[in-house]
**Student:** 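I am attaching a structure below and will ask some questions about it afterwards.
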Protein chains: 2
Amino acid sequence: MNIKEVAEVSGLPAKTIRYYEEIRLICPLRGANGYRVFGTSDIHKLSFIARARGLGFSIEECRRLLALYDDKKRASADVKALAEVHLRDIATKIKELRAMEAALQSLVHACAGDARPDCPILMGLAKPGAVCCD
Amino acid sequence: MNIKEVAEVSGLPAKTIRYYEEIRLICPLRGANGYRVFGTSDIHKLSFIARARGLGFSIEECRRLLALYDDKKRASADVKALAEVHLRDIATKIKELRAMEAALQSLVHACAGDARPDCPILMGLAKPGAVCCD
DNA sequence: CTAGTCCTTCCAGTCATGGGAAGGTCAAGA
DNA sequence: TCTTGACCTTCCCATGACTGGAAGGACTAG
């Protein structure tokens, strides 16, 4: 299978697939013409990576997940540990974003949003202690 | 004031302050020795930027916020509009993260996390349709 | 005078791509 | 056979918002 078809099947852009080869996440064969030739295992791996990326795993985490996937003697505890670390990262980011949202929302709420220059949002950004988003 | 002190006061790393000058967010004067000399207005701006960045505004949004802050004839509606766009971005990101969190959590929950290789997390990543995080 | 701490610029790297140029390959139709 | 046009290749540069580090100048305390 050539790269464009693989891109359609896996949902990943061709550029991204080439990049994944460059960083050795996948190692497709080459045809006599120099074209990449993707086997079913490559396509499998790319779909796997696409889903893992969709869940927010970093490339390096994907690499470890793939290694665990390939290792038939793995302990599921190792996979779970990896996932739990990532879950905590996600939870942390959500918390940060919610704090930002709350702080900004209170400023926006206080702003008249009319033609006058007085603006609690700008005041909040200008004054120390007026914005907290921890 | 020299850069290190400004860094302490504003809470921004010196490197970042230099970067902000490079992209013309700020324009500190220079002393005879070539050192940057920060006036109170620079320090004010840097603190403003630090707070805006803390609320998740991009550099370009910070630039627009600063311009509005400087413009004494601004309409607060313009500031509010900027903030509301950003609020929507934040809300979108939170939604995406929560979808990821939910999908990953259900996989993690199904995983025994013991010494055996069987792993619903890997199965979920490998099988089409098993993971949804939209 | 020297040691140590500042300051400067410049270059390169991060992460995960995306854009686009220059050029080779292949399949279909005139 | 020739020519399109769609595909493929590599290569280099750009993104955002920094961060690290090297090389070298400036200043302060002892």
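Numbered from 1 within each chain, the chains take letters A, B, ... in sequence-line order. When reading the values below, keep in mind they use all heavy atoms of this one structure, side chains included, and skip hydrogens, waters and symmetry mates.
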**Student:** Should B/Glu60 and B/Arg63 be marked as a salt bridge (charged side-chain N to carboxylate O under 4.0 Å, His left out) after you check the CA-CA gap, both sets of side-chain angles, and the distance that decides it?
**Tutor:** CA-CA 5 Å; B/Glu60 284 317 306; B/Arg63 196 189 298 280; 3.0 Å; yes
**Student:** Give a yes or no on this: more than 12 heavy atoms of other residues, nucleotides or ligands lie within 6.0 Å of atom CZ of B/Arg24.
**Tutor:**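 No.
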**Student:** When we call it a touch if two heavy atoms are under 4.0 Å apart, what does A/Ile23 touch: a base, just sugar-phosphate, or nothing?
**Tutor:**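 Since no nucleic acid heavy atom lies under 4.0 Å of A/Ile23, the category is nothing.
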**Student:** Please report the distance, rounded to the nearest Å, between CD1 in A/Ile3 and P in C/dC26.
**Tutor:**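 Computing the A/Ile3:CD1 to C/dC26:P distance gives 16 Å.
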**Student:** In whole angstrom, what separates A/Asn33's CG from C/dC26's C1'?
**Tutor:**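 Taking atom C1' of C/dC26 as the reference, CG of A/Asn33 is at 8 Å.
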**Student:** Would you say the base of D/dG16 and the side-chain of B/Tyr19 have a donor-acceptor pair closer than 3.5 Å?
**Tutor:**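 No, the side chain and the base share no sub-3.5 Å donor-acceptor pair.
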**Student:** A/Thr16 has a side chain; which of C/dT17, D/dA17, D/dC8 sits nearest to it?
**Tutor:**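 Nearest to the side-chain atoms of A/Thr16, counting from C-beta on, is C/dT17.
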**Student:** Using whole Å, report how far NZ of B/Lys15 lies from P of D/dA22.
**Tutor:**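 It works out to 11 Å between those atoms.
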**Student:** Under 4.0 Å between a side-chain N or O of B/Arg36 and OP1 or OP2 of C/dT9?
**Tutor:**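 Yes, such a contact exists.
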**Student:** Over all strands shown, is A/Arg18 touching base, sugar-phosphate only, or nothing at heavy-atom distances under 4.0 angstrom?
**Tutor:**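 Answer is base: heavy atoms of A/Arg18 come under 4.0 Å of a base.
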**Student:** Among the nucleotides C/dT17, D/dC8, D/dC18, which one has an atom lying closest to any side-chain atom of A/Tyr20?
**Tutor:**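 Of all the options, the side chain of A/Tyr20 is nearest to C/dT17.
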**Student:** What is the distance, to the nearest angstrom, from the OH atom on A/Tyr35 to the P atom on D/dA6?
**Tutor:**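 That distance rounds to 14 Å.
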**Student:** Taking for each residue the nucleotide of DNA chain C bearing the nearest heavy atom, is the 5' side occupied by A/Leu12 or by B/Phe38?
**Tutor:**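 Going by which nucleotide is closer to the 5' end, it is B/Phe38.
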**Student:** Between B/Ile17 (CD1) and C/dT8 (P), how many Å, whole number?
**Tutor:**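 Nearest whole value for this atom pair: 10 Å.
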**Student:** Hey, are the side chains of A/Leu65 and A/Phe57 touching, using non-hydrogen atoms and a 4.5 Å cut-off?
**Tutor:**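 Yes, their side chains come closer than 4.5 Å.
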**Student:** For A/Ile49 and C/dC15, what is the distance between atoms CD1 and P respectively, to the nearest whole Å?
**Tutor:**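 That distance rounds to 16 Å.
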**Student:** So B/Lys4, base contact, sugar-phosphate only, or nothing? Heavy-atom distance under 4.0 Å.
**Tutor:**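 The residue B/Lys4 makes sugar-phosphate contact but no base contact.
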**Student:** Under 3.5 Å, is there a donor-acceptor pair linking the side chains of A/Ser76 and B/Asp114?
**Tutor:**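 Yes, B/Asp114 and A/Ser76 have a side-chain donor paired with an acceptor closer than 3.5 Å.
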**Student:** Given D/dA17, D/dT19, C/dT8, which nucleotide is nearest the side-chain atoms of B/Arg30?
**Tutor:**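 Of D/dA17, D/dT19, C/dT8, C/dT8 is nearest to the side chain of B/Arg30.
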**Student:** Send over the distance from A/Ile59 CD1 to C/dC15 P, rounded to a whole Å.
**Tutor:**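 It works out to 10 Å between those atoms.
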**Student:** Starting at atom CZ of A/Arg53, determine the distance to atom P of C/dG18, rounded to an integer number of angstrom.
**Tutor:**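 So the two atoms are 10 Å apart, to the nearest Å.
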**Student:** Run B/Arg88 and A/Glu101 through salt bridge (charged side-chain N to carboxylate O under 4.0 Å, His left out) and show every step you take.
**Tutor:** CA-CA 9 Å; B/Arg88 275 191 286 278; A/Glu101 190 183 38; over 6 Å; no
